[in-house]
Amino acid sequence: MIRPRLIPVLLLKHGVIVRSQLFKVHQVIGNPMSTVQRLSNWNVDELILLDISADDYHDLRRDDIQQRYQGTSAMDVLREVSKVCFMPLAFGGRIRNLEDIGERIAAGADKVVVNTAALDNPGFVTAASRRFGAQCIVVSIDVKQHADGRYEVFGNDGKSASGLDPVAWAMQVASLGAGEIFLNSIDRDGSALGYDIELIRRVAEAVEIPVIACGGVGTYEDLAAGIVQGGASAVAAANIFHFFELSYPVAKQRTIDAGVPMRPVKLDSLWQKREPEYDLAAEDKRLRDRRERARTGNYLAAAPRREKSNIRWCTRCVYPSISAAPMEFDADGVCMGCRMAEVKTAIDPGDWVRRKELLREILEKYRCRDGSRHDVVIAVSGGKDSWFQTHVIKHEFGLNPLLVTYDGNNWTEPGWRNMVRMREVFGCDHVVVRPSVEVLQKLNRLAFEVMGDMNWHAHVGITTAPVRVAVQNRIPLVIWGEHGYLDLCGQFSMDDFPEMSYRDRLEHFARGYEWNYFVGRDGLKSGDLIPWKYPSDQEIFDLDLRGIYLGNYVYWEANDHAKMVVEQYGFETSDISFERTYRRMSNLDDMHENGVHDYLKFIKFGYGRCTDHVCKDIRAGLMTRERGLELVRQMDHVKSSDLKRWLEYTGTTEEWFDRMADTFRDPRVWDMEGDQWRKDDPWRPEGGA
C-alpha cells in the first residue's frame with residue numbers, strides 16, 4: 001500500500017525561511033539549514049522547498065551564527081541544505097528550462113516543482129518528464145476562487161491570471177507527463193482556516209497521479225481532512241510547522257489517530273541527531289583565525305563580502321534589515337514589527353476576551369487536580385514582565401505555579417532584590433538554577449570569542465532551565481512572557497499563537513551553538529554543562545510538554561506592566577539611568593544585557609538597545625520618530641561602563657576586548673577610514689556613526 005504522506009513546505013526568500021500569508025505578506029522565520037536539520041531529526045516523509053525570491057540573491061543577514069552557507073545563489077543554499085536533508089527533497093523556484101532542472105538535481109534535489117514555466121509552455125512538462133522521469137516532475141497549481149465561486153489558476157507567484165480552470169489544467173499536465181500535482185489555495189495561504197476541501201476533491205477525482213494538498217492548515221486536525229474528505233494523496237503545510245514544539249511528530253500522530261494510515265511517528269533520526277555534530281578541526285581553525293585577526297588588526301580579512309545596498313531601514317520606526325532579530329519589510333518599506341504592532345492594536349476588546357478564554361481552556365487542561373504537583377512552571381527573571389506573568393497566572397486564574405529562574409550571575413542590585421522578593425510577594429515556590437561561577441566565567445570568555453556574545457550562557461540557560469525543571473517535576477505546561485521576535489520584529493501573525501521550541505532555542509537564542517560545542521574547550525566537560533542541556537524529544541513528546549507565550553492571549557505592553565507592578569506590588573526600578581537606553585525597568589536581571597552585551601550588537605549591526613526600545617515606543621504611540629532618532633543618536637554608540645566589571649570578572653583586558661569585538665563588525669554596515677570605523681545610516685541627516 002502506498003501510504004499517505006505528510007509534507008512540510010519551506011519558503012525561501014532571499015536566503016531565509018519565511019512565513020507567508022495570501023502570497024503577499026512574508027515574515028522571516030530563520031535559517032534554512034537549521035530548519036531542514038530539525039525536520040530531519042523527525043524522519044519527515046518528504047520536504048518541499050520553494051524559492052520565492054524576486055531575484056537570485058541570498059543572504060542570511062548575520063555572520064555570527066554557526067550554520068551559514070557560502071555564496072549568494074539559490075544553488076549555494078540548496079547545496080548546503082542537502083547536507084542536512086535526510087528525506088526526499090523537492091525544490092522549486094525560477095525553473096525555466098531543462099538545464100535549470102538538471103542544476104537543481106545535481107545540487108541535491110530529488111524532484112523539482114514547476115509552475116510558471118509549465119503555464120507558459122505546457123510542452124515543457126513533457127520534455128522534462130522524458131529527460132528526468134515523471135517521478136521528478138511536480139507541477140504546482142496555485143488557485144484563487146472568485147466571488148462567483150469560480151476557481152482560476154494563477155502563475156508568477158499568484159500575480160498573473162491564466163484563465164485556466166484548475167481541474168482542466170490538472171488533467172492536462174497529468175497527460176503531459178507530470179508525476180505529481182502540488183495544489184495550493186492562494187486564498188487560504190496563511191489563513192489557518194483549513195484546506196479548501198472542495199477544490200482538492202475536484203482535482204483529486206479528475207486525475208490518477210498523486211495530488212498534494214496545501215494552503216490553510218491552522219490546526220493539526222485540518223491535515224486528516226485533506227486526505228479523508230478531499231481525497232489527496234499527501235497533505236502539506238508551511239506555517240504550522242514553525243509554530244510549535246515537536247510540530248511534525250505531533251501533527252503526524254494526530255493524523256494517524258484520525259484514521260489516516262501514514263508511516264508511524266519516529267523520533268531521533270539515525271542519520272541526523274538533534275544536537276549538532278561539529279567539525280572540531282574546522283571550528284578550532286575558525287577560532288584560531290579570529291584570534292589572529294584580532295591580534296594583527298586585520299579585522300575584515302575573513303568577512304564575506306555583501307552588498308551594502310541590500311540593507312533597508314523601516315520608514316516608520318528605525319529598524320534596519322540587518323538586525324539581530326530576523327526582519328522583513330513590505331512593499332511600502334515598513335517593517336513587519338510595525339505591521340504586526342498595527343495588527344495587535346486593531347484587535348478589538350472582544351477578541352482579547354476570546355483570547356483570554358482560550359488561555360483559560362489551556363490552563364484548565366493542564367491544572368493539577370489532585371495536588372500532586374504544581375499546575376504550571378513560569379519562567380521568571382525577576383523582571384517586570386515576569387512579575388506581570390505571575391500576577392496573571394496566580395491571581396487572575398488562581399493557579400499554583402512553580403517559578404523557575406536561571407541565575408547568570410550578572411544581577412543589578414535592584415534586579416536581585418526583585419527576583420528574591422517574588423517568592424514572598426506572590427506566595428509561590430521558587431527554584432533558582434545557579435551554575436558554577438567558574439563555568440560561567442569560562443563560557444563568558446569563550447562565547448565572546450566564538451560568536452561575539454558573552455551572554456550565550458544566559459540566552460540558552462533562560463530557555464533551558466524552566467523546561468528541565470518542568471520535565472523533572474512532570475509539569476506539562478511552561479508559561480513564558482511575550483514572544484520576543486513577534487513583538488520586536490513581527491516574525492509571526494497574532495493569530496499563529498507560536499510556542500517555545502527546541503529549534504527556536506537553538507537557532508535564535510543559541511546562534512546554532514549547542515552545549516556540546518563547548519565540551520573540551522577551556523577544560524569544560526559534559527558534566528559542567530548540565531544546566532544548558534535541553535530535555536530529549538522523547539521526554540517532551542511523552543509529557544506532551546508545551547511552552548506558551550502569554551502575550552498571545554493577554555494584551556502586552558511593557559510600559560503598562562511596569563506601572564502596574566510598581567504600584568500594586570512595589571516592584572523596584574533602577575535608581576540610576578542606563579547608559580545605552582532611556583528605560584529604567586528593563587533587564588535588571590542582567591546588567592550586561594543593556595550594557596556591554598548590547599554594545600556588541602552595535603559593533604556587529606550598527607544599532608543597539610535604544611533602537612529596540614524606541615521602535616517599540618513608536619509603535620505604541622508613545623514616542624515620535626523624530627524623538628526616537630534623537631535618543632538613538634545619543635545612546636546607541638555608547639561604550640558602557642559595566643565593561644569594567646565584565647573584564648575583571650573574566651580576567652581580560654579592554655584592549656583584547658576591543659580587538660576581538662572588531663572582528664565581528666559586519667562589512668555591510670561598517671567601513672574603516674584610516675584607523676576609524678564608520679557607518680552610513682541614510683535616515684540620519686548627518687550620516688556616519
Side-chain angles (χ1 to χ4, degrees), residues 17 28-42 62 64-67 84 241-250 267-268 272-278 324-326 377-381 404-406 408 433 435 443 447 450-451 453 455-472 476-489 491-492 496 498-518 529-541 543 545-552 590 593:
I17 300 300
V28 178
I29 297 296
N31 189 325
M33 289 175 289
S34 60
T35 304
V36 172
Q37 184 168 340
R38 187 61 171 142
L39 293 171
S40 285
N41 299 156
W42 297 328
R62 58 184 301 174
D64 62 338
I65 53 179
Q66 202 281 324
Q67 283 184 299
V84 293
F241 292 118
H242 301 304
F243 299 161
F244 309 118
E245 181 66 281
L246 298 178
S247 54
Y248 186 87
V250 173
L267 298 172
D268 302 324
Q272 186 75 68
K273 301 300 182 184
R274 188 185 70 173
E275 280 72 19
E277 296 179 355
Y278 301 100
V377 163
I378 307 180
V380 299
S381 67
V404 179
T405 297
Y406 169 84
V433 177
L443 289 175
V450 168
M451 67 192 85
D453 181 2
N455 269 14
W456 173 94
H457 73 92
H459 307 316
V460 178
I462 288 165
T463 52
T464 301
V467 183
R468 283 181 59 86
V469 171
V471 169
Q472 290 163 359
L477 186 63
V478 179
I479 307 294
W480 304 88
E482 89 276 36
H483 191 291
Y485 283 172
L486 190 157
D487 181 62
L488 197 60
C489 64
Q491 187 180 55
F492 298 98
D496 290 338
E499 300 184 1
M500 182 65 186
S501 70
Y502 174 83
R503 174 187 167 269
D504 208 28
R505 167 190 168 277
L506 178 60
E507 178 178 331
H508 295 303
F509 292 94
R511 315 283 191 271
Y513 294 93
E514 188 53 278
W515 65 269
N516 58 330
Y517 180 90
F518 295 97
L529 294 157
I530 289 172
W532 298 274
K533 294 182 180 180
Y534 206 76
S536 71
D537 283 355
Q538 194 65 57
E539 289 174 308
I540 294 169
F541 189 80
L543 186 58
L545 179 66
R546 297 175 63 183
I548 65 171
Y549 290 96
L550 206 57
N552 289 324
D590 192 324
E593 278 292 304

- State, with a plain yes or no, whether a side-chain heavy atom of Val433 is found less than 4.5 Å away from one of Thr405. no

- Message: Measuring from atom CD1 of Ile530 to atom OG1 of Thr464, what distance do you get when rounded to the nearest 0.5 angstrom?
- Response: 13.0 Å

- Item | Closest non-hydrogen atom pair between Asp590 and Ala458, with its separation | OD2-CB, 4.1 Å

- Checking Asn552 side chain against Pro498 main chain: does a donor-acceptor pair fall under 3.5 Å? yes

- Item | Heavy-atom check, side chain of Met500 versus side chain of Val478, under 4.5 Å | no

- Query: Excluding sequence neighbours, so at least two apart, what forms side chain to side chain contact (heavy atoms under 4.5 Å, CB included) with Ala324?
  - Reply: Arg62, Lys601, Phe605, Tyr607

- Report yes if the side chains of Leu443 and Leu529 come closer than 4.5 Å at any heavy-atom pair, otherwise no. yes

- Considering all heavy atoms of both residues, which atom of Pro276 and which atom of Tyr502 are nearest to each other, and what is their separation? CD-OH, 4.3 Å

- Query: When rounded to the nearest 0.5 angstrom, what is the spacing between CG in Asp537 and CD in Glu245?
  - Reply: 6.5 Å

- Item | Glu275/Arg505 salt bridge by N-O under 4.0 Å criterion | no

- Query: Taking only residues two or more places apart in sequence or in another chain, which ones pass side-chain hydrogen bond (donor to acceptor under 3.5 Å, both in side chains) with Gln272?
  - Reply: none

- What is the distance from atom CZ of Phe243 to atom CG of Asp504, rounded to the nearest 0.5 Å? 12.0 Å

- Distance col, row Arg546:CZ vs Leu477:CG, nearest 0.5 angstrom, shows 7.0 Å

- Spell out, as yes or no, whether a donor-acceptor pair under 3.5 Å connects the side chain of Gln491 to the backbone of Ile29. yes

- Message: Suppose we screen for ring-ring contact (aromatic ring centres under 6.0 Å, His included). Which residues come up paired with Phe509, at least two apart in sequence or across chains?
- Response: none

- What residues, two or more places apart in sequence or in another chain, satisfy side-chain hydrogen bond (donor to acceptor under 3.5 Å, both in side chains) together with Thr35? Arg503

- Message: Holding to ring-ring contact (aromatic ring centres under 6.0 Å, His included), I want the full list of residues that pass it with His483, two or more places apart in sequence or in another chain.
- Response: Phe492, Tyr549

- Polar side-chain atom of Asn41 near backbone of Asp268 as donor-acceptor pair, under 3.5 Å: no

- Message: The criterion is side chain to side chain contact (heavy atoms under 4.5 Å, CB included); which residues satisfy it with Asn31, sequence neighbours excluded?
- Response: Met33, Ser34, Leu60, Ile65, Gln67, Glu507

- Item | Nearest heavy atoms of Ser501 and Tyr534, plus distance in Å | C-OH, 4.3 Å

- Query: Roughly how far, to the nearest 0.5 Å, is the CD1 atom of Ile479 from the CG atom of Leu550?
  - Reply: 6.5 Å

- Message: Testing the basics here: between Leu488 and Ala325, what is the closest heavy-atom pair and its distance to 0.1 Å?
- Response: CD2-CB, 4.2 Å

- Sole candidate of Tyr513, Trp515, Phe518 that passes ring-ring contact (aromatic ring centres under 6.0 Å, His included) when paired with Trp456: Phe518

- Query: For Gln538, what residues pass the side-chain hydrogen bond (donor to acceptor under 3.5 Å, both in side chains) criterion, not counting sequence neighbours?
  - Reply: Asp542

- Task: Go through the structure and list residues passing ring-ring contact (aromatic ring centres under 6.0 Å, His included) with Tyr278, not counting sequence neighbours.
- Result: Tyr517

- Query: Got a sec, which residues hit side-chain hydrogen bond (donor to acceptor under 3.5 Å, both in side chains) with Glu539, two or more places apart in sequence or on another chain?
  - Reply: Ser536

- Query: Taking all non-hydrogen atoms of both residues, which atom of Ala465 and which atom of Tyr406 are closest, and how far apart?
  - Reply: CB-CB, 4.3 Å

- Task: Taking salt bridge (Lys or Arg N to Asp or Glu O under 4.0 Å) as the test, write out the residues that go with Asp453, two or more places apart.
- Result: Arg511

- Item | Which residues share a side chain to side chain contact (heavy atoms under 4.5 Å, CB included) with Pro249, sequence neighbours left out | Trp42, Leu246, Val265, Leu267, Phe541

- Smallest separation among heavy atoms of Ala470 and Leu543, with atom names: O-CD2, 4.0 Å

- Message: Which residues pass the salt bridge (Lys or Arg N to Asp or Glu O under 4.0 Å) test with Arg468, not counting sequence neighbours?
- Response: none

- Rounded distance (nearest 0.5 Å) linking atom CD of Gln37 with atom CZ of Arg274: 11.5 Å

- Report yes or no: does Trp532 contribute a side-chain atom to a donor-acceptor pair with the main-chain N or O of His457 at less than 3.5 Å? yes

